[in-house]
Peer 1: 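Have a look at this one.
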2 protein chains.
Amino acid sequence: MPTIKDVAREAGVSIATVSYVLNDSGAVSEATHQRVLQAVEKLGYRPSVIAQGLQARESRMIGYSWRPMPPDQFNPILEKFIHGMAEAAARHGYHVLAFPSTEASDEISPYREMVERERVDGFALSNTNLDDPRVHYLLDIDFPFVAFGRANPEWDFAWVDVDGAAGVEQAVNHLLELGHRRIACLAWPEESLTGQYRLTGYRQAMAAAGLEVQAGWVIRAENHYRHAYQAAQTWLTQPPTRRPTAVVALTDLMAIGVMNAAADAGLTVGRDLAVVGFDDAPITGYLRPPLTSLRQPIAEIGERMVTMLIDLVRGETPSPAQVLLKPRLIVRDSTRLSKREM
Amino acid sequence: MPTIKDVAREAGVSIATVSYVLNDSGAVSEATHQRVLQAVEKLGYRPSVIAQGLQARESRMIGYSWRPMPPDQFNPILEKFIHGMAEAAARHGYHVLAFPSTEASDEISPYREMVERERVDGFALSNTNLDDPRVHYLLDIDFPFVAFGRANPEWDFAWVDVDGAAGVEQAVNHLLELGHRRIACLAWPEESLTGQYRLTGYRQAMAAAGLEVQAGWVIRAENHYRHAYQAAQTWLTQPPTRRPTAVVALTDLMAIGVMNAAADAGLTVGRDLAVVGFDDAPITGYLRPPLTSLRQPIAEIGERMVTMLIDLVRGETPSPAQVLLKPRLIVRDSTRLSKREM
DNA sequence: CCGGGTGGCTTAAACGTTTAAATTATACCA
DNA sequence: TGGTATAATTTAAACGTTTAAGCCACCCGG
């Protein structure tokens, strides 16, 4: 690989002049400028990112880590999220460094390692939670990061999030328009901040419609198929005149659990029970019936996070520093075919 | 961040001594050794990866790129694959750099960029194909890489692959044991090398069982739901005594297309038609019926690729340099309930 | 008692950049 | 013509490491 010295020799100038030409700084005569560019072209010279990094004390890397899903669960948005970030980052001369999260016991040590060894200039976080220790640590050492998801409202940091409340509200309103009145919600445990926001959307939409949320209409469960299946069973064993006619599940995986429970109870999803999911996993369109779901603007989230992060790395404050994006309801047969006579 | 100079000052030695202590090289007295380690501890010093990289002319980065799936398709193994690589890499002091592949027109320029700017020490490739231009380029410039998948058999390079032929053979044998005789295969276009291997497994298993592959039993299609659905329809419109009783699809996505086509034709998958997929996507267990599929040992693939690549980066030849791993047939109801009277 | 070997440490160069400061050449003005 | 401002270029230091080479004191053998 040719270095700046080779270019300098080839062009008959000092390495400083080459550097000035390449960075468009300093005062260089037009003739020299051309000569240097020709030498660069001839040798196929590209500056070494490592040497530049040492000089500038930066790595031009964005660190990102995630906890892998158990084999029976899926993360439908991860691939697009990483790719979206990688693409946006590349446009700014940055790259995404994927590092593993191992034990849940010590969440921050992989992050600390990256910071201390100067591997990354900033982090993208996802799956943040209230009092997230990573957010706490990074705020503490004042290291640049942007989160996908909110955390403790008292902490001031840059984040991008999907407006789960607005999303679920859309879903409930859609069901209301179809004539549903007994609408249940399959929610997450109380600790989950994202779960809280989404559940709030459900409660607000119901309240706005003047509907009381009956006891038992909200069931909290972990994001597992089996839990969702069991929760649905408790609803479906109620008499037809009392049981929910529609279910909003906080993820597609849980929605699938509900759909299968309904089918196993002899009900036709879409006609006897409307189901809505969240995430719009690629699979949703191929389920029977295809699942209505809330699609998150993943590419935009990745893009926004990267540009905000680069602002922070450069010492600027991104504006806005908090971004809430609306998900879009993709209507499919799991609700469309369930129109109720009003 | 403290540097080696700070440690040297703190310990009252030269920076060379600090370096010798940290790298366990050179001759350092026990007393000095201790003093340096204490200074390191006290200051919380960690060597800068960038400075080490400049010195050693290496980045300790493994580049990996993939083409994102269209929104209605899924890549069930990508997440585990990257995470597996990231984990194995981290154990050896390496990290995974994710860079985007943009246009299909110029596949190699993102790779060239990474090479020329010295961003990575080697590459992990996936979705290789016969005469893959990336493999060609990297062989040409003699840059370290390991591929997930084979390419032109005349090229000598390191790869790890899943034995698709053995996998499909397993699947066909499983169907044969259940009493199936009219077994169809939903294959990929001829250009796909992976598709060729898998199809070979089908043909071999059929031949070994003394069964002739009837015209029309093999249909080639792109890896899309809709194509799979249509292919299945052409089989299912045949009279029951002639049509295939089992289908081996080369991916889960295509298997889902077949399952839905069968259901829409009034058949019960599992009883009237057995279906096998490939990849064992997390969703397969939740389909109705749950889909029998071939699981690839993703974590092991990532692990192997990384260790082989690190060998190559160090100038050693990995042994073995070609690894073929067997997938495992995960039997579920989509075949289990289809036992035929023999 | 002197020479050579060696253990233990430091000096200094190198990796490939950027950039402040110094130097040289050129032009302009009094 | 001499001095100064300015344009163009070079020199050299710096970023944080590693490591070859050098240095010094000490010990040991002859």
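Below, chain A is the first sequence line, B the second, and so on; all start at residue 1. Everything numeric in this text was worked out from a predicted model, so none of it was measured. Every heavy atom of this structure was used, including side-chain atoms; hydrogens, water molecules and symmetry mates were not.
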Peer 1: Figure out the CD1/P separation between B/I4 and D/dC15, and round it to whole Å.
Peer 2: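 Interatomic distance, CD1 of B/I4 to P of D/dC15: 14 Å.
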
Peer 1: Tell me: CZ of A/R9 to P of D/dT10, nearest whole Å?
Peer 2: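 Rounded to the whole Å, the gap is 14 Å.
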
Peer 1: So which nucleotide from C/dC9, D/dA12, C/dA12 ends up closest to the side chain of B/T17?
Peer 2: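 Side chain of B/T17 sits closest to C/dC9.
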
Peer 1: What integer distance in Å separates A/L54:CG from C/dT18:C1'?
Peer 2: 11 Å

Peer 1: Just N and O in the side chain of B/Q52: are any of them under 4.0 Å from OP1 or OP2 of D/dT18?
Peer 2: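 So the side-chain polar atoms of B/Q52 do come within 4.0 Å of the phosphate oxygens OP1 or OP2 of D/dT18, strictly under.
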
Peer 1: Could you tell me whether the side chains of B/Q38 and B/Q34 share a donor-acceptor contact shorter than 3.5 Å?
Peer 2: no

Peer 1: Using the ring centroid of each side chain, check whether A/Y137 and A/Y111 are separated by less than 6.0 Å.
Peer 2: no

Peer 1: Can you tell whether the side chains of B/R314 and B/E58 come within less than 4.0 Å, N to carboxylate O?
Peer 2: no

Peer 1: Report yes if at least one side-chain N or O of A/N23 is closer than 4.0 Å to OP1 or OP2 of C/dT19; otherwise report no.
Peer 2: no

Peer 1: Taking only the side-chain nitrogens and oxygens of B/Y20, find out if one of them lies under 4.0 Å from OP1 or OP2 of D/dT17.
Peer 2: no

Peer 1: Looking only at atom types and distance, does a side-chain atom of B/S59 sit under 3.5 Å from a main-chain N or O of B/R119, one as donor and one as acceptor?
Peer 2: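 Flag set: sc B/S59 to bb B/R119 pair under 3.5 Å.
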
Peer 1: A/V18 or B/R35: which one's nearest nucleotide on DNA chain C is closer to the 5' end?
Peer 2: B/R35

Peer 1: Hey, could you give me the CD1/CG distance between B/I4 and B/L43, rounded to the nearest 0.5 Å?
Peer 2: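 The CD1 atom of B/I4 sits 12.0 Å away from the CG atom of B/L43.
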
Peer 1: Using only side-chain N and O atoms of A/T32, determine if any of them is under 4.0 Å from OP1 or OP2 of D/dT9.
Peer 2: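 So the side chain of A/T32 is within the cut-off, an N or O lying under 4.0 Å from OP1 or OP2 of D/dT9.
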
Peer 1: Indicate whether OP1 or OP2 belonging to D/dT18 is found under 4.0 Å from a side-chain N or O atom of B/S25.
Peer 2: no

Peer 1: Using a cut-off of 4.0 Å on non-hydrogen atoms, how would the nucleic acid contact of A/T3 be classed: base, sugar-phosphate, or nothing?
Peer 2: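 Touches sugar-phosphate only.
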
Peer 1: Taking only side-chain nitrogens and oxygens of A/S29, does any of them come within less than 4.0 Å of OP1 or OP2 of D/dT9?
Peer 2: yes

Peer 1: Within less than 4.0 Å of OP1 or OP2 of C/dT17, is there a side-chain N or O belonging to A/K5?
Peer 2: no

Peer 1: Looking only at side-chain N and O atoms, does A/S14 come under 4.0 Å of OP1 or OP2 in D/dT11?
Peer 2: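 The answer is no; no side-chain N or O of A/S14 sits under 4.0 Å from OP1 or OP2.
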
Peer 1: Side chain of A/R57, heavy atoms from C-beta onward: which of D/dG16, D/dA8, C/dC9 has the nearest atom to it?
Peer 2: D/dG16

Peer 1: Separation of B/I50 atom CD1 from C/dG16 atom C1', in whole Å?
Peer 2: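 My rounded result for the distance is 13 Å.
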
Peer 1: Does NZ or CZ of B/R150 lie under 6.0 Å from the centre of the six-membered ring of B/Y197, at an angle within 45° of the ring axis?
Peer 2: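 Yes, B/R150 sits over the ring of B/Y197.
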
Peer 1: Grab the CD-C1' distance between B/Q55 and D/dA20 for me, whole Å please.
Peer 2: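 The answer, rounded to whole Å, is 11 Å.
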
Peer 1: At 4.0 Å (heavy atoms only), tell me whether A/R117 reaches a base, stays on the sugar-phosphate, or touches nothing.
Peer 2: nothing

Peer 1: Expressed in angstrom and rounded to an integer, what is the separation of A/R119 atom CZ from D/dG16 atom P?
Peer 2: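 Taking CZ of A/R119 and P of D/dG16, I get 17 Å after rounding.
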
Peer 1: What nucleotide, of D/dT17, D/dA12, C/dT17, holds the atom closest to the side chain of A/A16?
Peer 2: D/dA12

Peer 1: Has A/S48 got a side-chain N or O lying under 4.0 Å from the OP1 or OP2 atom of C/dC15?
Peer 2: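 So the side chain of A/S48 is outside the cut-off, no N or O lying under 4.0 Å from OP1 or OP2 of C/dC15.
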
Peer 1: Can you tell me the distance, in whole Å, between the CD atom of B/E58 and the C1' atom of C/dA14?
Peer 2: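 Taking CD of B/E58 and C1' of C/dA14, I get 16 Å after rounding.
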
Peer 1: Starting at atom CD of B/E116, determine the distance to atom C1' of C/dG16, rounded to an integer number of angstrom.
Peer 2: 16 Å

Peer 1: With a 4.0 Å cut-off on heavy atoms, is A/I15 in touch with a base, just the backbone sugar-phosphate, or nothing at all?
Peer 2: base

